Amino acid sequence: MKKLAFSVFAAALTFGVNADSSVEVEGAAAQECSGFDGFDFGLGVAAIDNGLRLDYTSGDKDSGHNTRLAATASLGYGKVLQKKAFLGLELGLDAAQNSEFGNAKINGLTPFGALKLGYVHPATKSMIYLKAGAAFSKATFAAAKDKTFKCSKWSPIVALGGEKICGKVRTRLEAEYRFRSNKNIDDKAYAIKKITNRGAVTLRAMAIYTVKM
């Protein structure tokens, strides 16, 4: 009986030690992933592939696309919930040269805002996430010296990305798609009837710094 009691006590003690160790490991991992919590700002570079299509009253169409390098910046706030779920908000700006298409162009400044949902992997101090929001783009067509048509709209965006904590910063790789926007031209004095700011693909590489409050 004494041997049985001793065995039970030893087993309970071993379980307790292992449980404490598990809690310590989980606590350490959670502490290491605290770099995802709080206000953050980021800087980086982006490659943007966008395009424009013009529809004429004659039925003809004129289109083109190109790729531009841009500087990108972001400002956001996020929180890790239940140790693995991430929820955040982010505002940002891509700044590139204007994309020129004859008498038409797409403005190189593209502000955006998005909701960010992620999954945190504490052991590797990394996160994968989805973003959904909207971005503002502006396309213009100069029909004459005194006449310019504009397509300036907020369009939906979706993005998939990953981040990893590296010391005091997070590194980020992200792919984003911006949906197209259209503007019908109700002016029979000119040959153009519609401007289409085509869907754009943006690839970003950034360094993110978290500000602890």
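Please read these numbers as outputs of a predicted model, since none were measured by experiment.
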Hey, are the side chains of Lys194 and Ile192 touching, using non-hydrogen atoms and a 4.5 Å cut-off?
no
CG on Asp94 to OG on Ser74, rounded to 0.5 Å
10.0 Å
Cluster link Ile208 to Leu93, ILVMFWY, side chain under 4.5 Å:
no
Would you call the rings of Tyr77 and Phe39 parallel, tilted or perpendicular, taking 30° and 60° as the class edges?
tilted
In terms of heavy-atom contacts, does CD of Gln97 have more than 12 from other residues, nucleotides or ligands at under 6.0 Å?
no
CG/Asn103 to CZ/Phe141 distance, rounded to the nearest 0.5 angstrom?
5.5 Å
Out of curiosity, does Val169 fall in the hydrophobic cluster containing Leu75 (side-chain heavy atoms, cut-off under 4.5 Å, transitive links)?
yes
Quick one: pull up CG in Asn197 and OG in Ser181 and give me the separation to the nearest 0.5 Å.
4.5 Å
Would you tell me whether Ser99 and Asn50 have side-chain atoms, one donor and one acceptor, within less than 3.5 Å of each other?
yes
Side-chain ion pair, Glu90 and Arg172, N-O less than 4.0 Å
yes
Dump the intermediate steps for side chain to side chain contact (heavy atoms under 4.5 Å, CB included) on Asp55 and Lys193, then the final yes or no.
CA-CA 6 Å; Asp55 288 68; Lys193 68 175 183 179; 4.1 Å; yes
Verify side chain to side chain contact (heavy atoms under 4.5 Å, CB included) between Asp40 and Val211, making sure each step is shown before the conclusion.
CA-CA 6 Å; Asp40 60 68; Val211 180; over 6 Å; no
Lys138 NZ: over 12 foreign heavy atoms closer than 6.0 Å:
no
So Ile195 and Leu54, do their side chains get closer than 4.5 Å, heavy atoms only?
yes
Between atom CZ of Phe112 and atom OG of Ser137, what is the distance when rounded to the nearest 0.5 Å?
13.5 Å
Between Phe86 and Ile128, is there a shared hydrophobic cluster once you connect ILVMFWY residues whose side-chain heavy atoms come closer than 4.5 Å?
no
Near-ring test Tyr177/Phe179, centroid separation under 6.0 angstrom:
yes
Quick one: closest heavy-atom pair of Thr210 and Gly35, and the distance?
OG1-O, 2.7 Å
Enclosure of Lys164 NZ (heavy-atom neighbours >12, cutoff 6.0 Å):
yes
For the atom pair CD1 (Ile165) and OG1 (Thr124), what is the distance rounded to the nearest 0.5 Å?
9.5 Å
SB check Arg68 Asp49 (cutoff 4.0 Å)
no
So, taking the atom named CG in Leu69 and the one named CD1 in Ile48, what distance separates them when rounded to the nearest 0.5 Å?
9.0 Å
Thr196-Asn182 side chain donor-acceptor pair, cut-off 3.5 Å:
yes
Going by salt bridge (charged side-chain N to carboxylate O under 4.0 Å, His left out), Glu163 matches just one of Arg204, Arg170, Lys131, Lys125. Which one?
Arg170
Close side-chain approach of Val45 to Thr72, heavy-atom, < 4.5 Å:
no
Over all heavy atoms of both residues, which pair between Ala104 and Leu52 is shortest? Give the atoms and the distance, please.
CB-CD2, 3.2 Å
Using the rule that two of Ile, Leu, Val, Met, Phe, Trp, Tyr join whenever any of their side-chain heavy atoms come within less than 4.5 Å, decide whether Phe101 and Ile185 are in one cluster.
yes
Does one hydrophobic cluster hold both Phe149 and Tyr56, with members joined at side-chain heavy-atom distances below 4.5 Å?
yes
Closest heavy-atom contact between Arg178 and Ser155?
CG-CB, 4.0 Å
Within the structure provided, determine whether His121 and Lys84 are in side-chain contact (heavy-atom separation under 4.5 Å).
no
Student check: side-chain heavy atoms of Phe136 and Lys153 closer than 4.5 Å:
no
Within a strict 4.5 Å, meaning less than it, do heavy atoms of the Met127 and Tyr119 side chains meet?
no
List the atom of Ala95, the atom of Leu109, and the distance in Å for their closest heavy-atom pair.
CB-CD2, 3.7 Å
Parallel, tilted or perpendicular: ring planes of Tyr209 versus Phe41, cut at 30 and 60 degrees
tilted
If you look at every heavy atom in Ile157 and Glu176, which pair is closest and at what distance?
CD1-OE1, 3.7 Å
Please report the shortest heavy-atom distance between Val120 and Phe36, naming the atom on each side.
CG1-CE1, 4.0 Å
